[in-house]
Amino acid sequence: MSKPVAGLIAGIVLGLIDGATAWFTPQVRSQLGEIMMGSAMKGMIVGLVAGWYARKVQSEKKGILLGAALGLFLAFLVAAMPQPDGTHFWLQIMLPGFITGGIIGFLTQRCGAPAQGASSAQ
Amino acid sequence: MSYLNDRVLAHLKSVADLPDLTGTRYELIREAGRGGMGAVYVVFDRELQREAALKVVDRGSGIEAQVTASLEHPGIVPVHDGGILPDGRNFYVMRYVDGASLDPQNTAEIDRLRIFQKICDTVAYAHNQQVIHRDLKPENIIIGNFGEVFIVDWGVALSPKSQQEPRGMVVGTPMFMAPEQGAGQQATPAADIYSLGAILKWMFPTNLAAPLQSIASKAMATNPSDRYATVADLNRDISRYVVREPVTAHRETALESTIRWAGRNRTLLLLMAAYLIVKFAVYFLRFL
C-alpha cells in the first residue's frame, strides 16, 4: 500500500471519528451526517497531502507538523462558516482538527511503502 | 661464575623476540600486543612516512596474511604488505588503528548495540567468504577514533586456505568459546555465533533486557543446531529489538507486548491523549 493511500484511509477513518464526536454538542447534533462527511473530506485531503509528503520525506516530526498545519488550516475554513445563530465554533473545530491532522501526518510516516530514494530526515 | 637472574633472562628473551627489520622499510617503535599466534608491533613505514602495525607470525606460513588480506571489509584492518623477515619469521603489515578496546561501562545501550551489529556484519561477511574467526572476544574488537569497529587477530581463523590442525587441538578463548569448539571438534560458523552471543552478554553485564537475554541465549545454545542459522539472522533479531519489534528468540507476554507497542508508538499515544484532553476540555467549556 502506498503512503497516499494509507493517508487517504487514515484521513477518512479519523475524519469520521472526529466528526462523530459532534454528537456531544447538542446544538449541531441534527447536522451530524453532514459534519461527519465534511470531516471525512477534510481528513482525506490531509491524508493525501501528508501521504504524498511522506513518500518524499521520511521524518515523523515533519510529517506531524505538516499534517497538523494542514488540519488546522482546513479546520479554520470550516470554523469560519457561521452557525445559523451567527456564532462560530472556533476552538471546538480547530483544536481537534489540528491534532487529528497531526495524527494523520504521523500515520502516513509509519504506514505504507515510501518511494524509492526517499530522504530520511529524522 | 655468576648466573643471570630471572629479570635479565626475561629481558633477553623479549629482546630476542623483537623482529629483525634489517633491510625492510620499517622501523620498530614499540610492541602493541601479543596473541597466541604472534606479536603485533607498531612500526614506522619510512617510504610512506606513517605508522603501521606489523604482525610477526610465530607459527605457520604466510597463510594468515593471505586470509586476512582476502577479507576486504570496513570491519577488517586492511593488509598492505607481507613477507619473511631476515630472522626467517613471517610477517605482514596492516593499517595502524589508533583505537581503544570496547568498554561497555562507558557506552550507551544503543551505541553498544550499534557496535554489536557492526561486529555481526563483519563476521557475516567473513562467513560468506568461508572464513570462521574462531576467537571472537572483546579483546579482538577495536573501536577506531572515528567510531569504526574492527575485528582483529584472524590468526586462528579457519578458511579453505588454512591448514587443518590435528584433530582434538583446541583454539579459542574459554569464556567465549562454543562447547563443541572446546571439545576439539571442527569449528563451523555456529561456533562464531556462540561467541557473538557471549560477547553480547559481556556487553550488557547488568540489566540485560529480556529480548536481548533471549537472543544471547539462543546464540549460545549448547546444541549448534539450536542456534541462529546465520549471523545475519542474529543481526536481524537485534535490528528488530532496536526498532521495538518482536524478536524471534523471545516469546513475549501480553504485558511485554503492550509495553513494547506503547514504547514504539509513544508519539501516537501522546497525540491521542492530547486529542482526548482537547475534546474533554471543549465539552466542559460550554458549561462554564
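Residue numbers start from 1 in every chain, and the chains themselves are labelled A, B, ... in the order their sequence lines are given, proteins ahead of strands.
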Out of curiosity, [X] [atom1] to [Y] [atom2], how far, rounded to the nearest 0.5 Å?
| X | Y | atom1 | atom2 | value |
| --- | --- | --- | --- | --- |
| A:Thr100 | B:Lys279 | OG1 | NZ | 7.5 Å |
| B:Arg264 | A:Arg110 | CZ | CZ | 5.5 Å |
| B:Tyr283 | A:Thr21 | OH | OG1 | 12.0 Å |

Just wondering, more than 12 heavy atoms not from [X] lying within 6.0 Å of its [atom1]?
| X | atom1 | value |
| --- | --- | --- |
| A:Phe73 | CZ | no |
| B:Gln130 | CD | no |
| A:Trp52 | CH2 | no |
| A:Trp90 | CH2 | yes |

Heavy-atom pairs under 4.5 Å with chain B, option from A:Leu95, A:Ile64, A:Ile99 with the top count: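 Among A:Leu95, A:Ile64, A:Ile99, the one with the most close pairs to chain B is A:Ile99.
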Let me see the working for A:Leu91 and B:Val278 under side chain to side chain contact (heavy atoms under 4.5 Å, CB included), right down to the final yes or no. CA-CA 9 Å; A:Leu91 278 181; B:Val278 161; over 6 Å; no
Heavy atoms only: give me the nearest A:Ile103-B:Leu268 pair and the separation to one decimal.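 Here A:Ile103 and B:Leu268 meet closest at CG2-CD1, 3.8 Å.
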Part of A:Phe24 within contact of chain B (heavy atom distance under 4.5 Å): both
